[in-house]
Amino acid sequence: MDDEKTHFVIDQSALSAEADVWYALPPGYMDVPFASILENPGSEAELTDGLLPLMAAMSPEGRSRFLEALQETETLAARLIHEGVIACALGMHEDDDGSLLHSVLTIARVETSWTPAELAVRHAATARSSATPLRVERLAHGPAAFAESEIELPESSTQDTLSGTVYQAVAYLAAPDRSSMVVVSISTTATQGAEGYRSIVRSVAETISFDNPLPGEVKAGIPEPSNVAEARSAFG
(Lines give C-alpha, C1' and ligand atoms only; values in the text may rest on other atoms or scores of the structure.)
Protein backbone atom coordinates (compact mmCIF):
# COMPACT_ATOMS: atom_id res chain seq x y z
CA MET A 1 0.00 0.00 0.00
CA ASP A 2 1.42 3.38 -0.99
CA ASP A 3 2.05 5.92 1.74
CA GLU A 4 -0.43 8.75 1.74
CA LYS A 5 1.05 12.16 1.02
CA THR A 6 -0.24 15.50 2.21
CA HIS A 7 -0.60 18.13 -0.49
CA PHE A 8 -0.59 21.85 0.22
CA VAL A 9 -1.78 24.76 -1.89
CA ILE A 10 0.53 27.78 -1.52
CA ASP A 11 -1.42 30.97 -0.89
CA GLN A 12 -0.11 34.21 -2.32
CA SER A 13 0.41 35.58 1.20
CA ALA A 14 3.07 32.92 1.80
CA LEU A 15 5.14 34.52 -0.98
CA SER A 16 5.21 37.96 0.63
CA ALA A 17 8.65 39.34 1.42
CA GLU A 18 7.22 40.67 4.70
CA ALA A 19 5.90 37.28 5.91
CA ASP A 20 7.40 36.05 9.16
CA VAL A 21 4.89 33.37 10.20
CA TRP A 22 3.77 30.48 8.01
CA TYR A 23 0.89 28.09 8.68
CA ALA A 24 -1.49 25.72 6.91
CA LEU A 25 -5.26 25.93 7.02
CA PRO A 26 -6.92 22.56 7.69
CA PRO A 27 -9.58 21.06 5.41
CA GLY A 28 -13.02 22.62 5.76
CA TYR A 29 -11.77 26.17 6.39
CA MET A 30 -11.94 29.12 4.00
CA ASP A 31 -9.75 32.15 4.51
CA VAL A 32 -11.52 35.48 5.05
CA PRO A 33 -9.41 38.36 3.63
CA PHE A 34 -10.51 40.78 6.33
CA ALA A 35 -7.43 43.04 6.09
CA SER A 36 -8.28 43.96 2.49
CA ILE A 37 -11.49 45.62 3.70
CA LEU A 38 -9.54 48.37 5.45
CA GLU A 39 -7.08 48.67 2.57
CA ASN A 40 -9.96 49.03 0.11
CA PRO A 41 -12.97 50.59 1.88
CA GLY A 42 -16.27 49.39 0.45
CA SER A 43 -14.82 46.05 -0.66
CA GLU A 44 -17.52 44.01 1.08
CA ALA A 45 -18.74 42.89 -2.36
CA GLU A 46 -15.34 41.31 -3.10
CA LEU A 47 -15.42 39.57 0.27
CA THR A 48 -18.88 38.24 -0.50
CA ASP A 49 -17.73 36.90 -3.86
CA GLY A 50 -14.86 35.10 -2.17
CA LEU A 51 -17.28 33.39 0.19
CA LEU A 52 -19.81 32.30 -2.44
CA PRO A 53 -18.88 28.59 -2.11
CA LEU A 54 -19.47 28.81 1.64
CA MET A 55 -22.78 30.65 1.29
CA ALA A 56 -23.98 28.13 -1.28
CA ALA A 57 -24.08 25.52 1.48
CA MET A 58 -26.19 27.71 3.79
CA SER A 59 -29.95 27.73 4.12
CA PRO A 60 -31.77 30.80 2.70
CA GLU A 61 -32.33 32.09 6.23
CA GLY A 62 -28.72 31.51 7.20
CA ARG A 63 -27.49 33.22 4.04
CA SER A 64 -29.67 36.23 4.76
CA ARG A 65 -28.31 36.57 8.29
CA PHE A 66 -24.78 36.10 6.99
CA LEU A 67 -25.16 38.91 4.43
CA GLU A 68 -26.53 41.21 7.12
CA ALA A 69 -23.51 40.44 9.28
CA LEU A 70 -21.18 41.36 6.43
CA GLN A 71 -22.45 44.92 6.62
CA GLU A 72 -20.41 45.28 9.80
CA THR A 73 -17.24 43.73 8.36
CA GLU A 74 -15.25 46.96 8.36
CA THR A 75 -15.69 47.39 12.13
CA LEU A 76 -14.91 43.72 12.68
CA ALA A 77 -11.79 43.91 10.49
CA ALA A 78 -10.46 46.87 12.47
CA ARG A 79 -11.01 45.01 15.73
CA LEU A 80 -9.25 41.86 14.48
CA ILE A 81 -6.23 43.84 13.32
CA HIS A 82 -6.12 45.72 16.64
CA GLU A 83 -6.00 42.36 18.45
CA GLY A 84 -3.10 41.16 16.30
CA VAL A 85 -5.08 38.72 14.15
CA ILE A 86 -3.16 37.87 10.97
CA ALA A 87 -5.55 35.21 9.66
CA CYS A 88 -9.25 34.46 10.01
CA ALA A 89 -11.06 31.52 8.45
CA LEU A 90 -14.63 30.18 8.52
CA GLY A 91 -15.09 26.46 8.94
CA MET A 92 -17.87 24.08 8.00
CA HIS A 93 -17.79 20.40 8.91
CA GLU A 94 -20.40 17.65 8.79
CA ASP A 95 -21.60 16.24 12.08
CA ASP A 96 -22.43 12.57 12.60
CA ASP A 97 -26.11 13.28 11.98
CA GLY A 98 -25.41 15.09 8.71
CA SER A 99 -25.88 18.61 10.04
CA LEU A 100 -23.29 21.31 9.44
CA LEU A 101 -21.05 22.56 12.24
CA HIS A 102 -19.76 26.12 11.96
CA SER A 103 -16.60 27.53 13.54
CA VAL A 104 -14.17 30.43 13.29
CA LEU A 105 -10.40 29.93 13.27
CA THR A 106 -8.06 32.83 13.97
CA ILE A 107 -4.28 33.12 14.11
CA ALA A 108 -2.90 36.11 15.98
CA ARG A 109 0.59 37.51 16.53
CA VAL A 110 0.72 39.37 19.84
CA GLU A 111 3.56 41.26 21.48
CA THR A 112 4.75 40.11 24.91
CA SER A 113 7.49 41.03 27.34
CA TRP A 114 10.69 38.96 26.99
CA THR A 115 10.08 35.65 28.76
CA PRO A 116 11.54 32.14 28.47
CA ALA A 117 9.45 30.27 25.90
CA GLU A 118 7.90 27.53 28.06
CA LEU A 119 7.09 29.95 30.88
CA ALA A 120 5.52 32.37 28.41
CA VAL A 121 3.14 29.85 26.82
CA ARG A 122 2.25 28.28 30.17
CA HIS A 123 1.41 31.68 31.63
CA ALA A 124 -0.70 32.61 28.59
CA ALA A 125 -2.68 29.37 28.81
CA THR A 126 -3.57 30.00 32.46
CA ALA A 127 -4.18 33.75 32.23
CA ARG A 128 -7.87 33.57 31.34
CA SER A 129 -9.96 32.68 34.38
CA SER A 130 -12.47 30.65 32.36
CA ALA A 131 -9.83 28.55 30.58
CA THR A 132 -8.83 25.01 31.46
CA PRO A 133 -5.13 24.38 30.68
CA LEU A 134 -4.67 21.00 29.03
CA ARG A 135 -0.95 20.48 28.51
CA VAL A 136 2.37 21.94 27.39
CA GLU A 137 4.09 20.08 24.57
CA ARG A 138 7.32 20.57 22.66
CA LEU A 139 6.64 20.85 18.95
CA ALA A 140 9.20 21.23 16.15
CA HIS A 141 9.40 25.01 16.65
CA GLY A 142 9.44 24.93 20.46
CA PRO A 143 7.00 24.63 23.37
CA ALA A 144 3.27 25.09 22.85
CA ALA A 145 0.57 25.33 25.52
CA PHE A 146 -2.99 24.17 24.86
CA ALA A 147 -6.13 25.27 26.69
CA GLU A 148 -9.88 25.25 26.19
CA SER A 149 -12.89 27.00 27.65
CA GLU A 150 -16.66 27.23 27.45
CA ILE A 151 -18.14 30.71 27.61
CA GLU A 152 -21.77 31.25 28.47
CA LEU A 153 -23.22 34.12 26.45
CA PRO A 154 -26.18 36.06 27.86
CA GLU A 155 -29.61 35.14 26.59
CA SER A 156 -31.04 37.54 24.04
CA SER A 157 -34.60 38.49 23.27
CA THR A 158 -33.74 38.81 19.55
CA GLN A 159 -32.96 36.01 17.13
CA ASP A 160 -30.11 37.95 15.50
CA THR A 161 -27.91 38.03 18.60
CA LEU A 162 -25.75 35.04 19.41
CA SER A 163 -26.50 33.38 22.72
CA GLY A 164 -25.79 30.07 24.42
CA THR A 165 -22.43 28.36 24.97
CA VAL A 166 -19.32 29.02 22.90
CA TYR A 167 -16.53 26.43 23.00
CA GLN A 168 -13.00 27.68 22.38
CA ALA A 169 -9.79 25.69 21.87
CA VAL A 170 -6.53 27.65 21.91
CA ALA A 171 -2.83 26.99 21.32
CA TYR A 172 -0.09 29.40 22.44
CA LEU A 173 3.31 29.31 20.71
CA ALA A 174 6.27 31.51 21.66
CA ALA A 175 8.11 33.13 18.75
CA PRO A 176 11.90 32.74 18.54
CA ASP A 177 12.42 36.38 19.52
CA ARG A 178 10.73 35.62 22.89
CA SER A 179 9.00 39.00 22.59
CA SER A 180 5.91 37.84 20.74
CA MET A 181 3.57 34.90 20.60
CA VAL A 182 1.33 33.21 18.04
CA VAL A 183 -2.14 32.29 19.26
CA VAL A 184 -4.22 29.75 17.32
CA SER A 185 -7.88 29.74 18.31
CA ILE A 186 -11.09 28.01 17.20
CA SER A 187 -14.46 29.24 18.48
CA THR A 188 -17.76 27.47 17.88
CA THR A 189 -21.23 26.99 19.33
CA ALA A 190 -21.01 23.31 18.33
CA THR A 191 -19.81 22.23 21.76
CA GLN A 192 -20.48 18.59 20.91
CA GLY A 193 -17.54 18.74 18.51
CA ALA A 194 -15.00 19.77 21.17
CA GLU A 195 -12.75 16.75 20.66
CA GLY A 196 -12.53 17.31 16.92
CA TYR A 197 -11.86 21.04 17.23
CA ARG A 198 -9.21 20.37 19.87
CA SER A 199 -7.49 18.10 17.35
CA ILE A 200 -7.74 20.74 14.60
CA VAL A 201 -6.09 23.39 16.77
CA ARG A 202 -3.23 21.02 17.48
CA SER A 203 -2.82 20.19 13.79
CA VAL A 204 -2.62 23.90 12.91
CA ALA A 205 -0.12 24.53 15.73
CA GLU A 206 2.08 21.78 14.32
CA THR A 207 2.26 23.58 10.96
CA ILE A 208 3.30 26.94 12.42
CA SER A 209 6.77 27.90 11.25
CA PHE A 210 8.88 31.00 11.88
CA ASP A 211 11.30 30.00 9.11
CA ASN A 212 10.10 29.92 5.52
CA PRO A 213 9.22 26.23 4.91
CA LEU A 214 8.67 26.59 1.15
CA PRO A 215 10.86 24.69 -1.34
CA GLY A 216 14.07 26.43 -2.38
CA GLU A 217 12.93 27.02 -5.95
CA VAL A 218 9.81 28.77 -4.66
CA LYS A 219 11.69 30.92 -2.15
CA ALA A 220 14.12 31.97 -4.87
CA GLY A 221 11.31 33.89 -6.58
CA ILE A 222 10.31 35.89 -3.49
CA PRO A 223 11.60 39.49 -3.64
CA GLU A 224 13.72 40.91 -0.83
CA PRO A 225 11.93 42.77 1.98
CA SER A 226 11.79 46.50 1.31
CA ASN A 227 14.13 47.36 4.21
CA VAL A 228 16.77 44.88 2.98
CA ALA A 229 16.51 46.20 -0.57
CA GLU A 230 16.90 49.79 0.66
CA ALA A 231 19.96 48.90 2.73
CA ARG A 232 21.52 47.10 -0.22
CA SER A 233 20.90 50.14 -2.41
CA ALA A 234 22.41 52.52 0.17
CA PHE A 235 25.54 50.49 0.90
CA GLY A 236 25.98 48.81 -2.46
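Keep in mind the model is a prediction, meaning the values are calculated, not measured.
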Checklist entry - L105 versus P26: any side-chain heavy-atom pair under 4.5 Å? => result yes
Checklist outcome for this item: Across all chains, not counting sequence neighbours, the side-chain contact (heavy atoms from CB on, under 4.5 Å) partners of R122 are E118, V136
Checklist entry - Is there a side-chain contact between Y29 and L90, using heavy atoms and a 4.5 Å cut-off? => result no
Next on the checklist: Quick check: do Q192 and D96 have side-chain heavy atoms less than 4.5 Å from each other?
Outcome noted: no
Checklist entry - Relative to each other, are the rings of Y197 and H93 parallel, tilted or perpendicular (30° and 60° limits)? => result perpendicular
Checklist entry - Excluding sequence neighbours, so at least two apart, what forms side-chain hydrogen bond (donor to acceptor under 3.5 Å, both in side chains) with S99? => result D97
Checklist outcome for this item: Taking every heavy atom of T106 against every heavy atom of C88, the minimum-distance pair comes out as CG2-SG, 4.2 Å
Checklist entry - About how many Å separate CD1 of I151 and OG1 of T191, when rounded to the nearest 0.5 Å? => result 12.5 Å
Distance-only donor-acceptor hits, side chain of residues 171-188, under 3.5 Å, sequence neighbours excluded:
{"unit_1": "D177", "atom_1": "OD1", "unit_2": "S179", "atom_2": "N", "d": "2.9"}
{"unit_1": "D177", "atom_1": "OD1", "unit_2": "S180", "atom_2": "N", "d": "3.2"}
{"unit_1": "D177", "atom_1": "OD1", "unit_2": "S180", "atom_2": "OG", "d": "3.1"}
{"unit_1": "D177", "atom_1": "OD2", "unit_2": "S180", "atom_2": "OG", "d": "3.4"}
{"unit_1": "R178", "atom_1": "NH1", "unit_2": "A175", "atom_2": "O", "d": "2.9"}
{"unit_1": "S179", "atom_1": "OG", "unit_2": "D177", "atom_2": "O", "d": "3.4"}
{"unit_1": "S180", "atom_1": "OG", "unit_2": "R109", "atom_2": "NE", "d": "3.0"}
{"unit_1": "S180", "atom_1": "OG", "unit_2": "R109", "atom_2": "NH2", "d": "3.3"}
{"unit_1": "S185", "atom_1": "OG", "unit_2": "Q168", "atom_2": "NE2", "d": "3.2"}
{"unit_1": "S187", "atom_1": "OG", "unit_2": "Q168", "atom_2": "NE2", "d": "2.9"}
{"unit_1": "T188", "atom_1": "OG1", "unit_2": "H102", "atom_2": "O", "d": "2.6"}
{"unit_1": "T188", "atom_1": "OG1", "unit_2": "A190", "atom_2": "N", "d": "2.9"}

Checklist entry - How long is the span from the OH atom in Y167 to the CZ atom in R198, to the nearest 0.5 Å? => result 4.5 Å
Next on the checklist: Applying side-chain hydrogen bond (donor to acceptor under 3.5 Å, both in side chains), can you list everything that pairs with N212, at least two apart in sequence or on another chain?
Outcome noted: none
Next on the checklist: Let me confirm one number: the CD1-CG distance from I86 to D20, rounded to the nearest 0.5 Å.
Outcome noted: 7.0 Å
Item to check | Donor-acceptor pair, side chain of T207 and main chain of A24, under 3.5 angstrom | outcome: yes
Checklist entry - Is there a path of hydrophobic side-chain contacts, each under 4.5 Å between heavy atoms of I, L, V, M, F, W or Y residues, that connects I200 with L101? => result yes
Checklist outcome for this item: Smallest heavy-atom separation, L139 atom then A144 atom, equals CD1-CB, 3.8 Å
Checklist outcome for this item: Contacts of E150 meeting salt bridge (Lys or Arg N to Asp or Glu O under 4.0 Å) (sequence neighbours excluded), chain-then-number -> none
Item to check | Side chains of T115 and H123 in contact at under 4.5 Å (non-hydrogen atoms) | outcome: no
Next on the checklist: Which residues pass the side-chain hydrogen bond (donor to acceptor under 3.5 Å, both in side chains) test with Y23, not counting sequence neighbours?
Outcome noted: none
Next on the checklist: Hydrophobic clusters here meaning ILVMFWY residues chained together by side-chain heavy-atom distances under 4.5 Å, can you tell me if V204 and L25 are in one?
Outcome noted: yes
